[in-house]
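Here is the structure we will look at, set down as structure tokens.
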Amino acid sequence: EDKVVQSPLSLVVHEGDTVTLNCSYEVTNFRSLLWYKQEKKAPTFLFMLTSSGIEKKSGRLSSILDKKELFSILNITATQTGDSAIYLCAHAGGTSYGKLTFGQGTILTVHP
Amino acid sequence: DTAVSQTPKYLVTQMGNDKSIKCEQNLGHDTMYWYKQDSKKFLKIMFSYNNKELIINETVPNRFSPKSPDKAHLNLHINSLELGDSAVYFCASSQVTYNSPLHFGNGTRLTVT
């Protein structure tokens with residue numbers, strides 16, 4: 001069975017800090033790895049990674065995938081209180097598109 | 001606004017009742033999903049439909065029955081509700097490709113008492 005594990009489970013930082021969130025996976029038939037941010041409601045899409053070593057970047061957030069070591073990281077630089085959320089990592093694979101296997105999430109709290 | 005919208009946002013009901021959650025998307029996607037998020041925040045897929053056809057049906061009690069009248073709508077009907085059904089149910093949609101991310105609705109928090 002596909003498995004996605006995130007670490008740490010929770011993280012508390014102060015504004016301005018840089019954080020790195022980890023996601024490791026054990027999956028058959030890898031297709032892509034996705035990162036979502038969940039505040040109080042819907043998970044919102046951040047990144048989709050399909051190739052190793054190619055960094056995806058959006059503002060202060062960036063992510064990279066290592067398909068050899070089976071992990072991905074999400075970096076957030078110069079954190080702000082608005083970055084406080086649950087960050088979810090998910091693998092999309094198998095034979096059915098749309099079947100995402102999610103990790104348990106990392107709860108990030110950014111204090112002013 | 002273009003979005004995935006689901007109703008109701010909150011649903012509080014007693015054990016044994018039957019309830020429905022509705023979902024609509026106007027993103028032009030052809031695939032829709034139901035995911036369940038439990039108290040530990042794990043999101044797990046329940047069903048997916050592509051153009052009104054059931055594609056994914058995970059190990060879900062048959063008290064749960066999805067219905068898709070058209071590709072923009074996917075409803076979830078739950079019979080004989082149990083305490084363990086309490087969770088947040090998310091509807092999502094995407095295009096039918098492996099490289100199309102899912103877009104989620106805001107969720108329906110179901111509480112069974």
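Naming: A, B, ... by sequence-line order, numbering from 1 per chain. Treat the numbers as computed from the prediction; the structure is a model and nothing was measured.
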Shortest non-hydrogen separation from Phe102(A) to Phe42(B) and the atoms involved: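 In this case the closest contact between Phe102(A) and Phe42(B) is O-CE2, 3.8 Å.
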Non-hydrogen atoms of Phe90(B) and Pro43(A) that approach each other most closely: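 Residues Phe90(B) and Pro43(A), closest heavy atoms: CE2-CD, 3.7 Å.
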Using heavy-atom distances under 4.5 Å, tell me whether Gln37(B) contacts chain A through its side chain, its backbone, both, or neither.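 Side chain only.
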Begin from the C-alpha positions of Tyr35(B) and Leu100(A) and carry the test side chain to side chain contact (heavy atoms under 4.5 Å, CB included) through to its verdict. CA-CA 9 Å; Tyr35(B) 275 78; Leu100(A) 300 183; 3.4 Å; yes
Should the heavy atoms of other residues, nucleotides or ligands under 6.0 Å from [atom1] of [X] be counted, would the total exceed 12?
| X | atom1 | value |
| --- | --- | --- |
| Lys57(A) | NZ | yes |
| Lys67(A) | NZ | yes |
| His77(B) | NE2 | yes |

Membership question, hydrophobic clusters at under 4.5 Å side-chain separation (ILVMFWY): are [Y] and [X] in the same one?
| X | Y | result |
| --- | --- | --- |
| Leu11(B) | Phe104(B) | no |
| Tyr89(B) | Leu43(B) | no |
| Leu21(A) | Leu46(A) | yes |
| Ile78(B) | Ile56(B) | no |

When only pairs under 4.5 Å are counted, which of Lys40(B), His103(B), Glu58(B) shares the most heavy-atom pairs with chain A?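 Highest number of pairs under 4.5 Å: Glu58(B).
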Can you tell me how far the CG atom of Leu102(B) sits from the CE atom of Met48(A), to the nearest 0.5 Å?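 Here the rounded value is 8.5 Å.
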Rounded distance (nearest 0.5 Å) linking atom NZ of Lys99(A) with atom CE of Met46(B):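 Between Lys99(A) NZ and Met46(B) CE, I get 13.5 Å after rounding to 0.5 Å.
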Per-residue contact mode, Leu88(A) against chain B (heavy atom under 4.5 angstrom): side chain
Contact winner vs chain B - Ala90(A), Ala42(A), Gly103(A), heavy-atom pairs under 4.5 Å: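 Counting heavy-atom pairs under 4.5 Å, the top option is Ala42(A).
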